[in-house]
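Heads up: the structure comes next, in structure tokens.
Note on naming: letters A, B, ... go to the chains in the order of the sequence lines (proteins, then strands), and numbering restarts at 1 for each one.
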Amino acid sequence: MTQELAPRLDPKAIEGPRYAAWQEGGYFGVSPTAVTEDGREPYVIVIPPPNVTAALHMGHGLNNTVQDVLIRWRRMQGRATLWVPGTDHAGIATQNVVERQLAAAGCHRDDLGREKFVERVWDFVGKTGGTILEQLKAIGASCDWDRTRFTLDEELARAVREVFVSLYERELIYRGEYIINWCPRCLTALSNEEAEGHETAGHLWHLRYPLAESAYEGAAAAAAAGAEAIGQLPDGRWYLTVSTTRPETMLGDTGVAVYPGDDRYKPLVGADVYVPLTGRTIPIVADRHVDPEFGSGMVKVTPAHDKNDFEIAGRTGLELLDVMTPEAAMNDAVPEAFRGLDRFEARKAVLKALEDEGLLAGTEDHTHSVPHCYRCDTIVEPRLSEQWFVRMKPLAEPALAASKDGTINFTPPHWKKVYEHWMENIQDWCISRQLWWGHRIPVWYCPCGEIIVDREDPTACPSCGSGELKQDEDVLDTWFSSQLWPFSVFGWPEQTDDLAAFYPGHTLVTAPEILFFWVARMIMMGYEFQGEAPFTEVYLHGTVRDIQGRKMSKSLGNGIDPLGVVEAYGADAMRFTIISQCAIGTDISLDHEDVESSFANGRNFANKIWNAGRFALMSIGDDPVQPVDALRDSLLAEDRWILSRLARAAEESTSQLERFRLHEVAEGLYHFFWDEICAWYLELVKGRLGPDADPASREAARSTLVAVLDGAFRLLHPIVPFVTAELWSKLPWPEGSERPEDLIIAPWPSDLDGWIDEGAEADLGAFQNLVVEVRRLRKEYGIGEGQRIGIHLTGGSNGFIEAMQAQGPALEQLARVNALEPSAGSGVGGNAILSNGAELFIPLEGVIDLEQERTRLRGEIDKVAGVLTGAQKRLQNEKFVSNAPAEVVAKARENAAQLEQQKAKLEEKLAGLGE
RNA sequence: GGGCGCUUAGCUCAGCUUGGUUAGAGCACCUGCCUUACAAGCAGGGGGUCGCAGGUUCGAGUCCUGCAGCGCCCA
């Protein structure tokens with residue numbers, strides 16, 4: 001199997017073919033019988049379906065890499081592992097894209113009509129809709145592509161229909177006229193979650209409303225009682241003052257409200273007020289919603305254009321007066337001068353007119369949260385409208401309980417509180433959208449007034465028999481279908497084998513932004529329709545940001561194209577870089593202006609793996625390799641050491657993966673591979689792999705190397721699947737054992753405790769200590785790396801010197817030491833004390849300046865002395881000795897003793913150098 | 001207004017759940033090496049009063065309280 005491998009990893013040469021081979025091998029898919037018949041434990045993730053029109057961005061890169069790491073790990077653990085891919089029809093977003101295309105061609109959706117327009121969207125989706133899924137393949141996502149779903153598929157439409165009808169039958173869906181969030185550009189209702197509040201610098205205007213003459217007496221009394229909102233105009237009319245951030249809505253005012261217990265205004269409750277500019281009069285009412293402490297304690301009430309005002313009207317019987325068109329222009333209910341004006345034009349006009357009449361009391365700057373459409377960023381207008389709603393409180397109960405009792409876990413844990421807070425204060429969900437692209441609301445209206453909601457399309461009215469039925473024009477909120485994703489993808493409402501095998505799933509991986517949009521609703525629907533939660537672990541990863549901390553986005557132009565990264569550095573490089581930054585609860589930050597340095601770490605590591613593998617494969621050669629267990633007795637200390645380190649790396653990786661601590665997995669394996677395998681083990685065995693080496697030692701090294709690389713590739717595979725699989729496939733295989741078909745299904749390393757070897761770890765630690773000290777002294781005295789030196793070594797633990805002598809070739813390789821004398825040595829030279837107390841002396845007659853060595857030693861002594869003083873102080877503290885655990889005290893004593901010895905020996909060395 | 005989080009090296013961040021070696025990493029920086037696996041590399045090095053002020057404790061980057069600055073979510 002010896003073959004020439006390129007000295008540099010060429011990701012393009014290996015990634016495409018590897019991925020194709022995995023697909024052909026069918027490793028991504030799993031049959032339900034693996035669970036229902038073979039009894040394997042399932043592990044299921046459903047993908048957060050990206051918008052069907054989306055192009056892959058770094059956020060997807062992060063989200064899907066995390067999922068793939070978990071999926072690949074669980075697959076290797078032998079679970080019946082399934083990752084279901086798919087896309088979301090994304091109602092508003094997709095419709096907007098196609099409308100923009102139409103607009104570019106000078107056309108509007110109304111020109112086409114509903115049917116043609118929807119056809120056109122399907123056409124668009126059919127042509128470009130699969131793009132993002134193809135892109136996921138480039139980053140290595142091991143989804144079961146045969147199960148790809150789309151939220152608008154016929155099969156999923158059946159689930160939507162069943163859920164709607166079922167909830168309607170139980171009165172959990174209802175229709176009603178309420179204030180909803182309305183986007184005047186998209187011309188549709190939005191849910192509360194879809195109306196995003198942005199802090200906006202605006203104004204608070206104070207308006208004067210003249211009182212009816214009959215109220216003057218009360219006004220005078222109120223003014224006398226200290227009501228600051230009441231005053232008299234120069235012409236003697238009494239007025240009251242109200243404040244608003246949206247003056248144009250005053251045209252729709254139908255009342256003024258005060259707090260019922262507010263004594264200042266008591267005489268005025270029931271009195272009439274003129275709405276300026278309109279000639280209308282409206283009553284003053286009392287309502288508990290008004291905060292007497294806020295502003296003047298009097299508020300204008302615009303029931304058709306404000307949610308709170310709508311509620312006040314409901315309690316007090318005030319009229320509803322809608323003064324805007326769907327496009328948020330003023331309608332015919334307002335005075336002629338304002339008709340047809342856009343809301344912001346109307347605002348200016350109203351203010352001007354009020355000022356002219358002396359009714360504008362003042363203006364102040366005011367920063368407040370203004371709701372914007374989450375799709376087009378237009379300012380949302382609260383609007384009175386008839387819509388369909390889901391009654392959320394009953395649905396939320398089990399979903400809230402699941403968090404409280406720990407059935408569902410959140411990582412990081414603080415999201416638990418956020419989730420529960422939202423669930424406890426949940427509001428009804430407006431689900432109808434005035435769009436054409438989406439699941440049509442399955443409701444028909446008969447001219448006789450009958451409303452038909454059924455699982456099958458009705459042909460005639462069950463009440464009057466009329467065939468003149470008209471289906472509701474609206475579609476459902478996109479999230480209404482995506483909330484069913486964890487079971488709709490398995491064919492529910494049919495009781496399919498897939499559903500039996502793969503519901504519920506296990507882990508949900510997503511960004512916190514859609515905790516309420518999606519995660520919470522999936523949990524509610526899971527309980528409502530399957531009787532249990534759709535997953536038990538919710539892992540919320542961070543956001544991808546640029547180095548200024550701004551979220552990466554198309555509009556800011558600060559994005560990085562994951563495919564560009566894959567193209568330039570490979571999928572492994574991208575995956576490793578992302579995962580190594582993926583600490584719990586933190587965002588990922590990448591520099592879009594220096595993509596190379598952002599991904600250098602991952603690229604370099606992938607290349608390092610490649611090169612280590614390349615070297616090992618060349619060194620091991622083609623001869624048969626024995627299983628390492630068969631050679632246990634001939635293993636040398638470094639063999640036992642690296643196997644021990646492998647066992648610890650496996651244990652550590654597993655426990656960190658279980659806790660979603662992905663960055664620690666990446667970091668731990670990075671150091672295991674780079675520092676321990678490459679920097680130490682490979683260097684140590686180089687001499688043992690050559691043709692002149694002792695055969696037993698050579699076989700031990702070859703077997704160990706195969707075992708260690710096999711284990712390391714398995715551990716690294718979930719994070720960097722391509723380079724590991726490529727090298728693993730070329731690795732010689734120990735005789736007598738069966739080789740798994742592919743690394744992707746090779747068993748995850750576990751139960752390696754038998755390889756843990758504390759003695760070997762201590763021995764290698766001492767060896768490393770020696771090498772590092774020699775290197776430091778060499779550097780200190782400028783002894784070039786080409787020059788070999790002899791060293792003197794005495795003391796240390798039992799057998800230490802002999803062990804180091806046995807490492808002759810390794811010492812030469814690693815520290816350029818060609819002779820080791822087991823004596824103290826004498827004369828001019830460099831000195832060091834190892835942590836095991838051994839004394840190192842490097843004769844450097846004529847090379848070094850005595851004074852330089854004295855200064856250096858004094859520095860060393862000072863350093864050790866500083867630490868020693870701290871340690872001694874602690875031990876002298878009686879309270880420490882008596883209160884701290886015995887173990888801690890013993891350790892401190894040991895440590896202090898060691899430091900003391902080190903310091904004494906250094907001082908001795910210094911003294912030996914004379915003045 | 002309510003809730004949540006963050007502040008550790010020049011930069012980006014780990015470490016805090018469960019307090020106990022001389023606080024770590026990557027990138028950047030400085031010095032020396034093209035040593036036949038790897039210059040996308042190797043060897044060595046500099047750099048931190050862990051936001052501030054208190055408290056608990058034998059012991060605090062870690063736990064508690066307050067403050068300051070920054071950010072997110074909900075209203």
Donor-acceptor pair under 3.5 Å, [X] side chain vs [N] base:
| X | N | result |
| --- | --- | --- |
| K608(A) | A40(B) | no |
| E683(A) | A37(B) | yes |
| R775(A) | A43(B) | no |

According to a strict under-4.0 Å criterion, is [X] in side-chain N/O contact with OP1 or OP2 of [N]?
| X | N | answer |
| --- | --- | --- |
| W674(A) | A40(B) | no |
| R776(A) | G45(B) | yes |
| N877(A) | G59(B) | no |
| N883(A) | C58(B) | yes |

Scan L515(A) against the nucleic acid and name what it touches under 4.0 Å (heavy atoms): base, sugar-phosphate only, or nothing.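 L515(A): no heavy atom of the nucleic acid under 4.0 Å.
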U21(B) and G66(B): how far apart are their P atoms, nearest whole angstrom? 29 Å
Rounded to whole angstrom, note down the C1' distance from C6(B) over to G47(B). 24 Å
Compute the centroid of each ring, for Y419(A) and then for F516(A), and state whether the two points are separated by less than 6.0 Å.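 No.
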Cation-aromatic face contact R521(A)/W429(A), 6.0 Å, 45 degrees: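 Yes - R521(A) lies over the ring of W429(A), closer than 6.0 Å to its centre and within 45° of its axis.
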Given the options N818(A), V771(A), V774(A), L811(A) meets side chain to side chain contact (heavy atoms under 4.5 Å, CB included) only with V771(A)
